[in-house]
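Remember, it's a predicted structure, so these values are computed and weren't measured experimentally.
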Amino acid sequence: MIDIINQANDFLWGYIIIAALVGCGLWFTWRMRFVQFRMIGEMLRLLVDAPGRPKGHERHISSFQAFTVSLASRVGTGNLAGVATAIVVGGPGAVFWMWVMALVGAATAFVESTLGQLFKRHHSDSFIGGPAYYIERGLHCRWMAVLFAVLISATFGLANNSLQANTICGAMEGAFGWSPPVVGAVLTLLTLFIVFGGIQRIARVSSVLVPFMAVGYFVLALAIIVMNLPLVPHVMRVIVENALGVNQAVGGTLGAAIMNGVKRGLFSNEAGEGSAPNAAATADVSHPVKQGLIQSLGVFTDTLLVCSCTAFIILISGIYDNPELNGIVLTQRALESEVGAWGPVFIAMAIFLFAYSSIIGNYYGEANVRFMTSNPKAVTLFRVLSGGAMVMFGALVSLDTVWSIIDLSMGLLTACNLIAIILLGKYAFRLLDDYRRQKRQGISSPTFHRSQIPELESELDCWE
């Protein structure tokens, strides 16, 4: 069965997804005049800005909380274990292609998250939205919306949770010798406690865990880089040469570097996958573009900062070509070679925070179950399966198995979302033009009203 899944992955990623991701990223970047670079200052301003929420919206989560929920899902196994796996399979050049995907993918992330905000709907205790909602309301294609909802529920609620749990258990076993089944059981109980609290509890926990873990890990990596500063030019040269070198092209490893860099880059930053718009839609903001810009910043934070930290630690250590090391174990051993015996323990703690925040941040599946049915029993069943059964499943199966499953589900999910945002991107372009116009007029906090897009006014539940 795994062999069939791997063959499907090779076809899907080798011929379809990579070309589509790069093509969409370049098109959106050019069409929006390099929005992800020109408006970085505005992204940072919006992130720290905390305007008062409108009266009656007391339970809606803030723009920053929505950012941390999406970042909690982004910053996880992909940053520590995924980067290591990409380097082992695709060589150091895979890191370069992860960077490329982040730079062009930030524009894609802007489009999908802006659309998520535009087509969001009122829910009992927060806003709710995402690709399933903009496919149904924007494209009027119910079957495609349901297909996306099924795919994202399977990808994030089931496959992704098993991968995060697998990595946590592997790290704990490597650092402390703890049994994976025991760690999986404890992790299952903790996860069920959080996910049954809904998006508000997830947002509160994520807004504490994500900044703490990201800053701590970044500081440690920066310290290692400073201590090995003479090696940095060599590491950069190795990355670039392996990404673009003639030897790699002749030896057939260039394709592996590109494929693994793109796959692991997408798994890490999720730009174009259709996941982040589910979190972006929950934010209470005055204009859809605001959350689109913040979600673009999340792509940079994830890949250019956190993933690069892991890549430099591994490449500085020089042990990345050891065939016996892969995944989180490689990251642990690389850190151990730089800081001593406490390195694997630190990584075990870091991966727990990174991966656990990803598990509880995978609210995306639940939001899409709500899209398919209003039956509360379906949501309860999903929470039990995603927070319980699949977490335990991930603790018991092999690393190769969970990576194969996540690659296939992620590829299908991305293909579905890219079709939608290509067709609906024109609305994101109009919203960005409107936002820039208001900024040029001296309006510090632009606003949007659904009457500004007359052909969609009847399809937009919010933006009164």
Side-chain angles (χ1 to χ4, degrees), residues 25 27-58 60-68 70-71 103-122 126-127 129 134 138 207 211 271 276-277 279-301 304 421 424-464:
W27 159 245
F28 290 141
T29 297
W30 177 81
R31 178 60 179 78
M32 296 185 294
R33 293 178 291 171
F34 301 88
V35 61
Q36 69 269 42
F37 307 120
R38 296 179 60 191
M39 300 187 73
I40 287 181
E42 181 70 0
M43 295 176 193
L44 295 172
R45 187 191 71 80
L46 289 170
L47 188 63
V48 299
D49 190 23
R53 299 179 203 168
K55 186 175 181 181
H57 288 188
E58 291 80 8
H60 289 161
I61 72 172
S62 69
S63 181
F64 176 75
Q65 286 179 318
F67 170 78
T68 58
S70 64
L71 196 59
L103 293 174
V104 300
T108 307
F110 170 84
V111 171
E112 62 181 0
S113 293
T114 299
L115 291 173
Q117 266 287 320
L118 177 64
F119 288 94
K120 68 185 181 182
R121 299 178 63 183
H122 290 293
S126 68
F127 293 116
Y134 58 65
S207 63
T282 64
D284 191 5
V285 293
S286 64
H287 198 290
V289 165
K290 290 184 175 181
Q291 203 62 27
L293 291 172
I294 287 178
Q295 298 305 113
S296 293
L297 183 63
V299 173
F300 290 148
T301 303
L304 299 185
I421 63 176
L424 295 173
K426 58 185 179 181
Y427 298 117
F429 305 156
R430 288 169 61 177
L431 288 168
L432 179 59
D433 290 341
D434 174 69
Y435 189 87
R436 283 171 165 161
R437 178 184 57 79
Q438 293 189 50
K439 293 293 289 187
R440 287 194 298 268
Q441 292 175 349
I443 301 173
S444 60
S445 182
T447 58
F448 171 75
H449 190 278
R450 60 189 178 191
S451 61
Q452 292 173 241
I453 305 182
E455 67 269 31
L456 288 180
E457 189 170 0
S458 61
E459 301 294 344
L460 304 181
D461 287 358
C462 303
W463 309 108
E464 295 90 347

Verdict with reasoning, D434 to R437, per salt bridge (Lys or Arg N to Asp or Glu O under 4.0 Å): CA-CA 5 Å; D434 174 69; R437 178 184 57 79; 2.5 Å; yes
Rounded to the nearest 0.5 Å, how far apart are CG of L297 and OG1 of T301?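 Rounded to the nearest 0.5 Å, the CG-OG1 separation comes to 4.0 Å.
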Which value, rounded to the nearest 0.5 Å, describes the distance between L118 atom CG and Q291 atom CD?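 CD of Q291 is found 13.5 Å from CG of L118.
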Intermediate values then yes/no, side chain to side chain donor-acceptor pair (under 3.5 Å), Q36 and T29: CA-CA 8 Å; Q36 69 269 42; T29 297; 2.9 Å; yes
Using the salt bridge (Lys or Arg N to Asp or Glu O under 4.0 Å) definition, which of the options K439, R436, K290 pairs with E42?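 Among K439, R436, K290, the one that satisfies the salt bridge (Lys or Arg N to Asp or Glu O under 4.0 Å) with E42 is K439.
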Can you name the closest pair of heavy atoms from [X] and [Y] and give their distance?
X    : Y    : answer
L431 : P288 : CD1-CB, 4.0 Å
G292 : T114 : CA-OG1, 3.4 Å
A109 : S296 : C-OG, 4.3 Å
G25  : A107 : O-CB, 4.2 Å
M39  : L293 : CE-CD1, 3.9 Å

Please step through side chain to side chain contact (heavy atoms under 4.5 Å, CB included) for the pair V111 and M32, ending with a clear verdict. CA-CA 10 Å; V111 171; M32 296 185 294; 3.6 Å; yes
Is the shortest heavy-atom distance from the side chain of [X] to the side chain of [Y] under 4.5 Å?
X    : Y    : result
W463 : Q452 : no
V104 : F28  : no
F110 : Q295 : no
D461 : K120 : no
S286 : F448 : no
F119 : C462 : no
R121 : L460 : no
V299 : L103 : no

Mind checking what makes ring pair (Phe, Tyr, Trp, His ring centres under 6.0 Å) contact with Y435, not counting sequence neighbours?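 Ring pair (Phe, Tyr, Trp, His ring centres under 6.0 Å) check on Y435 returns H287.
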Set of residues satisfying ring pair (Phe, Tyr, Trp, His ring centres under 6.0 Å) with respect to Y427, sequence neighbours excluded: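 Counting only residues at least two positions away or on another chain, Y427 forms no ring pair (Phe, Tyr, Trp, His ring centres under 6.0 Å).
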Check the pair V285, I294 against side chain to side chain contact (heavy atoms under 4.5 Å, CB included), reporting the backbone distance first and the verdict last. CA-CA 11 Å; V285 293; I294 287 178; over 6 Å; no
With a 4.0 Å cut-off, would you call E455 and R430 a salt bridge?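 Looking at E455 and R430, the cut-off is met.
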For the pair E459 and R450, find out whether any cationic side-chain nitrogen is under 4.0 Å from an anionic carboxylate oxygen.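 R450 and E459: not salt-bridged.
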Residues two or more places apart in sequence or in another chain: which of them pass side chain to side chain donor-acceptor pair (under 3.5 Å) with T447?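 T447 satisfies side chain to side chain donor-acceptor pair (under 3.5 Å) with no residue once adjacent residues are dropped.
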